[in-house]
Amino acid sequence: MSLSFLPKDIKFSIDHLNYNFLTEIRLRRGQPAIVEYKGKYSRLGKTGLSVNPNDLLFVSDVAVVLNAATDGCVYSYTEQMKGGFITIGHGIRIGIAGEYVTSGDSVTTIKSITSLNIRIPHDVRGCSKSVCKIFSELGLKNTLLYSRPGLGKTTMLRDIALTLSCDDGRNVLIFDERGEIAAMDGYGEGFDLGAVDVVRCFSKKAAIASAIRAMKPGVIITDELYGESDISAVRYAADCGIVIIASSHVTDKRILKEMPFDYYVELNSIGGQPRIYDKDFNTYSAGGVDDCGGGTVVGEQKEKNAGVFRTV
């Protein structure tokens with residue numbers, strides 16, 4: 001993965017870290033550079049993490065960094081910037097803060113940029129094992145991964161895509177609206193997701209119906225559902241008999257219950273064990289015992305020799 005667009009001193013410092021544990025780089029004009037490393041935020045010194053005030057690396061001009069990240073063609077990312085971010089090579093996503101110029105209810109551009117949040121994607125094979133086990137025991141059904149940002153939803157979607165396409169031989173169609181799941185470049189090179197079809201688009205609603213007719217998928221995988229437009233798009237696909245596997249930042253269970261999903265997977269920490277629910281938010285337990293929610297009672301046995309869901 002190339003981070004060559006970073007200032008040389010910051011890049012040199014980050015090269016002293018293990019990239020496998022690096023998830024964010026935060027650059028704020030006039031402030032020390034900060035990274036999220038092993039799940040914690042720390043400041044950067046000249047050769048890695050540092051708490052020494054005299055060793056910290058400060059950021060002078062974040063606009064220069066953004067210009068380098070886009071090879072001097074920031075304006076070619078105008079449409080993406082309307083969403084407050086851009087996605088560059090290898091699926092690196094750069095969130096942008098500054099002056100948001102709006103027209104009506106829409107953002108038209110961002111200027112006077114003051115800070116960047118550079119999110120580093122990862123390919124973690126086997127991270128979806130517990131979720132795929134549910135699919136094998138209880139059947140493949142509509143599933144939503146949810147959590148606050150930065151806890152590995154997109155990483156898990158990648159691993160699910162690889163498992164379903166390679167191990168199960170299903171026709172998997174990925175809607176990569178933000179260019180993060182597959183992270184394909186202009187030549188179609190990106191993460192190895194097996195034999196999948198990838199549609200890159202700026203709107204799920206506009207693309208899903210056309211892609212269903214064109215590609216005849218058995219499973220659709222997409223990220224970051226939010227708003228009635230996105231929900232309407234995946235509901236249409238579900239009504240067509242297609243299994244939907246998606247992610248969302250929404251964590252309110254009252255809202256989640258209104259979505260067209262049979263399983264809900266809650267991520268609480270990077271690398272941690274996800275908690276899996278059915279559509280009524282009864283928790284799933286493969287061993288038949290689950291008291292981590294406190295005061296659990298036995299729920300309905302779903303299938304012979306399968307795990308059980310328990311109400312909390």
Side-chain angles (χ1 to χ4, degrees), residues 1-102 107-124 147-155 178-180 183 185 224 249 267 269-271:
M1 178 178 298
S2 175
L3 295 174
S4 58
F5 60 88
L6 292 173
K8 290 183 179 179
D9 55 350
I10 293 176
K11 176 66 166 56
F12 181 78
S13 176
I14 287 175
D15 283 344
H16 286 78
L17 304 177
N18 185 332
Y19 274 54
N20 291 324
F21 300 114
L22 179 68
T23 50
E24 284 185 11
I25 306 167
R26 289 183 174 266
L27 307 179
R28 300 180 175 100
R29 189 174 62 197
Q31 297 296 320
I34 293 175
V35 295
E36 184 179 26
Y37 190 69
K38 295 184 178 180
K40 297 181 179 179
Y41 286 105
S42 302
R43 294 180 175 182
L44 279 180
K46 295 181 178 63
T47 55
L49 307 183
S50 180
V51 294
N52 182 353
N54 297 320
D55 184 49
L56 300 182
L57 298 180
F58 282 77
V59 181
S60 57
D61 189 350
V62 295
V64 171
V65 178
L66 188 64
N67 189 62
T70 58
D71 293 323
C73 300
V74 174
Y75 291 104
S76 67
Y77 290 81
T78 299
E79 286 300 315
Q80 285 193 44
M81 288 179 68
K82 292 178 181 180
F85 69 92
I86 65 171
T87 304
I88 60 174
H90 304 285
I92 296 172
R93 179 171 171 178
I94 304 178
I96 306 168
E99 182 180 346
Y100 279 40
V101 180
T102 61
V107 175
T108 58
T109 190
I110 306 173
K111 62 181 184 179
S112 302
I113 296 168
T114 55
S115 59
L116 303 174
N117 179 21
I118 303 166
R119 296 180 61 181
I120 309 300
H122 293 277
D123 188 12
V124 184
S147 75
R148 60 182 176 82
L151 293 183
K153 295 184 296 298
T154 302
T155 302
R178 294 163 178 82
E180 291 184 288
D185 59 22
E224 296 193 18
H249 291 155
L267 306 185
S269 62
I270 296 176

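The shortest side-chain heavy-atom distance between Ile118 and Phe5 falls under the 4.5 Å cut-off. Residues Ser50 and Leu56 are in side-chain contact: their nearest non-hydrogen atoms beyond the backbone lie under 4.5 Å apart.
Side chain to side chain, Ser147 and Lys153 meet the donor-acceptor criterion of an N or O pair below 3.5 Å. No hydrogens or angles considered: nothing links the side chains of Glu180 and Thr154 as a donor-acceptor pair under 3.5 Å.
The local environment of OH in Tyr41 is crowded, with over 12 non-hydrogen atoms from other residues, nucleotides or ligands closer than 6.0 Å.
Residues Ser13 and Leu57 share a closest heavy-atom pair of CB-CD1, 3.8 Å. Of all heavy-atom pairs spanning Ala69 and Ile94, the tightest one is CB-CD1, 3.7 Å.
Of the listed residues (Ile14, Leu27, Asp9, Ile34), just one forms a side chain to side chain contact (heavy atoms under 4.5 Å, CB included) with Leu44, and that residue is Ile14.
The main-chain N or O of Lys46 is never found under 3.5 Å from a side-chain atom of His16 such that the two would form a donor-acceptor pair.
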Test Ile96 against Phe85 for side-chain contact (heavy atoms from CB on, under 4.5 Å), laying out the working first.
CA-CA 5 Å; Ile96 306 168; Phe85 69 92; 5.6 Å; no
Does the pair Leu116 and Val59 meet the rule for a side-chain contact (heavy atoms from CB on, under 4.5 Å), with working shown?
CA-CA 11 Å; Leu116 303 174; Val59 181; over 6 Å; no
Could you walk me through whether Gln80 and Thr87 pass the side-chain contact (heavy atoms from CB on, under 4.5 Å) check?
CA-CA 8 Å; Gln80 285 193 44; Thr87 304; 3.7 Å; yes
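Ionic pairing of Arg93 and Glu224 is present here: one or more N-O contacts between side-chain nitrogen and carboxylate oxygen are shorter than 4.0 angstrom.
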